[in-house]
Number of protein chains: 2
Amino acid sequence: MDRLLQSIKIGVNDKIYVKDPESSSLGKRIIEDSIIMIHDMGFDKFTFRKLGDRIGSNESSIYRYFESKHKLLLYLASWYWGWLEYQLVFATNSIANAGDKLGRAIEIVTQTTEEDSSFSHINEVMLNKIVIHEYSKSYLTKEVDQENKEGYFEIYKRLVGRLSEMIAAVNRKYSYPSSLASTVLEGSLHQHFLLDHFSSLTDCQEHTDPTDYFKNLVFNCLNKPNHV
Amino acid sequence: MDRLLQSIKIGVNDKIYVKDPESSSLGKRIIEDSIIMIHDMGFDKFTFRKLGDRIGSNESSIYRYFESKHKLLLYLASWYWGWLEYQLVFATNSIANAGDKLGRAIEIVTQTTEEDSSFSHINEVMLNKIVIHEYSKSYLTKEVDQENKEGYFEIYKRLVGRLSEMIAAVNRKYSYPSSLASTVLEGSLHQHFLLDHFSSLTDCQEHTDPTDYFKNLVFNCLNKPNHV
DNA sequence: GCAAATATAATAGTAATACTATCATAACAT
DNA sequence: ATGTTATGATAGTATTACTATTATATTTGC
């Protein structure tokens, strides 16, 4: 990706944080290092105290940015989906043919994040792995309905909506565009997880990856099996 | 389901528990009431202390059966998948035609559990909801590879394997039978979750349910779109 | 350049969690 | 009646996920 990314800002719902972490250097270190730590030790073992120790700051200062580690996870996930949405729109915007557009969209949302844009403090490669391993925990809670009402999942829902519309544009008669879009997004995370931990449960490997699988799946569902 | 269920025992890996909960009445109450409590309050807020209070037993006694609440979740999930596997085999065993067999299999694994068999202390309706809301938490951990080696996910893997073979039997040329099988099982849980909490992300409702969606999806992938 | 405002740090404290350890008692089997 | 096993009661521990308070930097306005 190019330098445009340097200047765009992902618009995370401001109710997710107490103070915008993009507004200070401490905030940026909280984001940068929490990504590394959650990636390395997992969300469950990650604590604000450990993060404070690592960045040479105090636990209480971190609470000035996020009221809980759950909110921090919501923030990281929202940022990731916003970033992916940007990639999606950027890469598909100029494609006129609906089938080509959808094919490109599936590539964007299912492929492994390979490169850190290295323009920001955010390591997208690690963040992608965090989303694969931890995203479900952000909504598999008793508070999900309340938090959904407060808009904490807006970006993700918008992304599913975009994919759903691209699916519908290819075949208006297909009955399940939203279910298929949510299956591709969630299923992609799951296939990548299986690849790492349960390889017998997936056919994806070096030569066939989740992208191939999902393109085949989606275009077969839409009765355009030879499109890509 | 019939009385056969009364006498079969689901063979959960015996490394998951310290003492077999099926071997005593306290053990059975632990299972019975933990299902109700996890269903009602969610796995995160559930504790052995609260369970002890509820069943009039002591926290320390519960630890004689399960060394952690994580192991209890693994037990409940294994039991559920074993039970579902039994349903699957029972319902599809006598079907000769590969397409019919697969269709029935998809119905079994994607439909909402509607009836408590009421032969055992286990409420399958609640357990199904627990699996929808909590199953991911049993493997989204840093210990997953170790626990996988110890066989804690055997039954689930066997179930994916069975479904995968049924898929392959319908179309030997299809390249992704395992990925598709895992997508159906995991995706079904996800669609049921969306139905409850993010209805805008699914097309499943009263008249089209996850079963319809996944039958359409699978048979389209296998190029037998008119089979069911 | 200085005071006021704001941001961050340090320290302490709390209720709950997820256990472990020890000892006592109840039930059950021979 | 005795020994064995299961369960219960109590206490204790390290950690977690915070909150509260006070002190010290740092920045900003004038």
Side-chain angles (χ1 to χ4, degrees), chain A residues 14-34 37-38 40-76 121 134 137-138 140-143 146-147, chain B residues 14-34 37-38 40-76 121 134 137-138 140-143 146-147:
Chain A
D14 63 13
K15 276 186 247 161
I16 289 183
Y17 47 76
V18 181
K19 177 177 176 177
D20 184 358
E22 290 294 322
S23 71
S24 74
S25 82
L26 175 59
K28 285 174 190 160
R29 267 184 300 145
I30 288 172
I31 299 304
E32 178 169 15
D33 286 65
S34 68
M37 291 184 86
I38 294 172
D40 291 351
M41 66 175 60
F43 183 69
D44 300 342
K45 296 199 176 66
F46 166 82
T47 70
F48 280 0
R49 181 174 295 260
K50 291 173 186 167
L51 175 60
D53 289 351
R54 180 185 166 106
I55 65 181
S57 181
N58 197 274
E59 195 188 6
S60 61
S61 303
I62 299 165
Y63 278 101
R64 294 249 164 56
Y65 287 83
F66 294 99
E67 67 188 19
S68 65
K69 72 173 189 165
H70 176 245
K71 287 280 182 86
L72 171 60
L73 181 60
L74 288 172
Y75 180 90
L76 295 177
H121 50 291
E134 319 288 355
K137 296 172 190 170
S138 76
L140 294 178
T141 67
K142 278 286 160 184
E143 296 77 32
Q146 181 56 35
E147 295 188 345
Chain B
D14 63 12
K15 276 188 245 158
I16 289 183
Y17 47 76
V18 182
K19 177 178 176 176
D20 184 358
E22 290 295 323
S23 71
S24 74
S25 81
L26 176 60
K28 285 174 191 161
R29 267 185 299 146
I30 288 171
I31 300 304
E32 178 169 14
D33 286 66
S34 69
M37 289 183 86
I38 295 171
D40 291 350
M41 66 175 57
F43 183 70
D44 299 340
K45 295 197 176 67
F46 167 82
T47 71
F48 281 179
R49 181 172 294 261
K50 289 174 187 168
L51 175 60
D53 288 350
R54 180 186 167 104
I55 65 180
S57 180
N58 198 273
E59 193 187 6
S60 62
S61 303
I62 299 166
Y63 278 101
R64 294 238 167 63
Y65 287 84
F66 294 100
E67 68 190 13
S68 65
K69 72 173 190 163
H70 176 245
K71 287 278 182 84
L72 171 60
L73 181 60
L74 288 172
Y75 179 90
L76 295 177
H121 48 292
E134 318 289 357
K137 296 172 189 168
S138 76
L140 294 178
T141 68
K142 277 286 159 186
E143 296 77 31
Q146 181 56 35
E147 296 188 345

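Order of the sequence lines fixes the chain letters, A, B, ..., with proteins taken first and strands second; residue numbering starts at 1 for each chain.
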Backbone N/O of A/Lys45 and side chain of A/Lys50: donor-acceptor pair under 3.5 Å: yes
Ring-face cation of B/Lys69 near B/Phe43 (centre distance under 6.0 Å, axis angle within 45°): yes
Are there any protein N/O atoms within less than 3.5 Å of an N/O atom in nucleotides 7-13 of chain C, and if so, which ones and at what distance?
from: C/dT8; atom 1: OP1; to: A/Tyr65; atom 2: OH; distance (Å): 3.3
from: C/dT8; atom 1: OP2; to: A/Lys19; atom 2: NZ; distance (Å): 3.3
from: C/dT8; atom 1: OP2; to: A/Tyr65; atom 2: OH; distance (Å): 2.8
from: C/dA9; atom 1: OP2; to: A/Ser57; atom 2: OG; distance (Å): 2.3
from: C/dA9; atom 1: OP2; to: A/Ser61; atom 2: OG; distance (Å): 3.1
from: C/dA10; atom 1: N7; to: A/Asn58; atom 2: OD1; distance (Å): 3.4
from: C/dA10; atom 1: N6; to: A/Ser60; atom 2: OG; distance (Å): 3.3

Heavy-atom contact window of chain B on DNA chain D, given 5' to 3' at under 4.0 Å: D/dA6 to D/dT10
Working for side chain to side chain contact (heavy atoms under 4.5 Å, CB included), residues B/Glu134 and B/Ile38: CA-CA 9 Å; B/Glu134 318 289 357; B/Ile38 295 171; 4.3 Å; yes
Distance in angstrom units between B/Phe66 CZ and C/dT20 P, rounded: 15 Å
Sugar-phosphate only, base, or nothing, as touched by A/Lys50 at under 4.0 Å among non-hydrogen atoms: sugar-phosphate
A/Lys137 side chain vs B/Leu140 backbone, donor-acceptor pair below 3.5 Å: yes
Output side-chain donor-acceptor pairs under 3.5 Å for residues 59-66 of chain A, partner residues at least two apart or in another chain, one line each.
from: A/Glu59; atom 1: OE1; to: A/Arg49; atom 2: NH2; distance (Å): 3.1
from: A/Ser60; atom 1: OG; to: A/Asn58; atom 2: OD1; distance (Å): 2.8
from: A/Tyr65; atom 1: OH; to: A/Ser24; atom 2: OG; distance (Å): 2.5

Verdict with reasoning, B/Leu72 to B/Ile16, per side chain to side chain contact (heavy atoms under 4.5 Å, CB included): CA-CA 8 Å; B/Leu72 171 60; B/Ile16 289 183; over 6 Å; no
Sugar-phosphate, base or nothing in reach of A/Tyr63, heavy atoms under 4.0 Å: base
Length of the line joining B/Lys69:NZ and C/dT17:C1', which is rounded to integer Å: 8 Å
Contact check, side chains of A/Ile30 and A/Pro21, non-hydrogen atoms, under 4.5 Å: no
Atom-pair distance (CZ on B/Phe43; C1' on C/dA18), nearest Å: 11 Å
Flag side-chain contact, heavy atom, 4.5 Å: A/Glu147 against A/Lys15: no
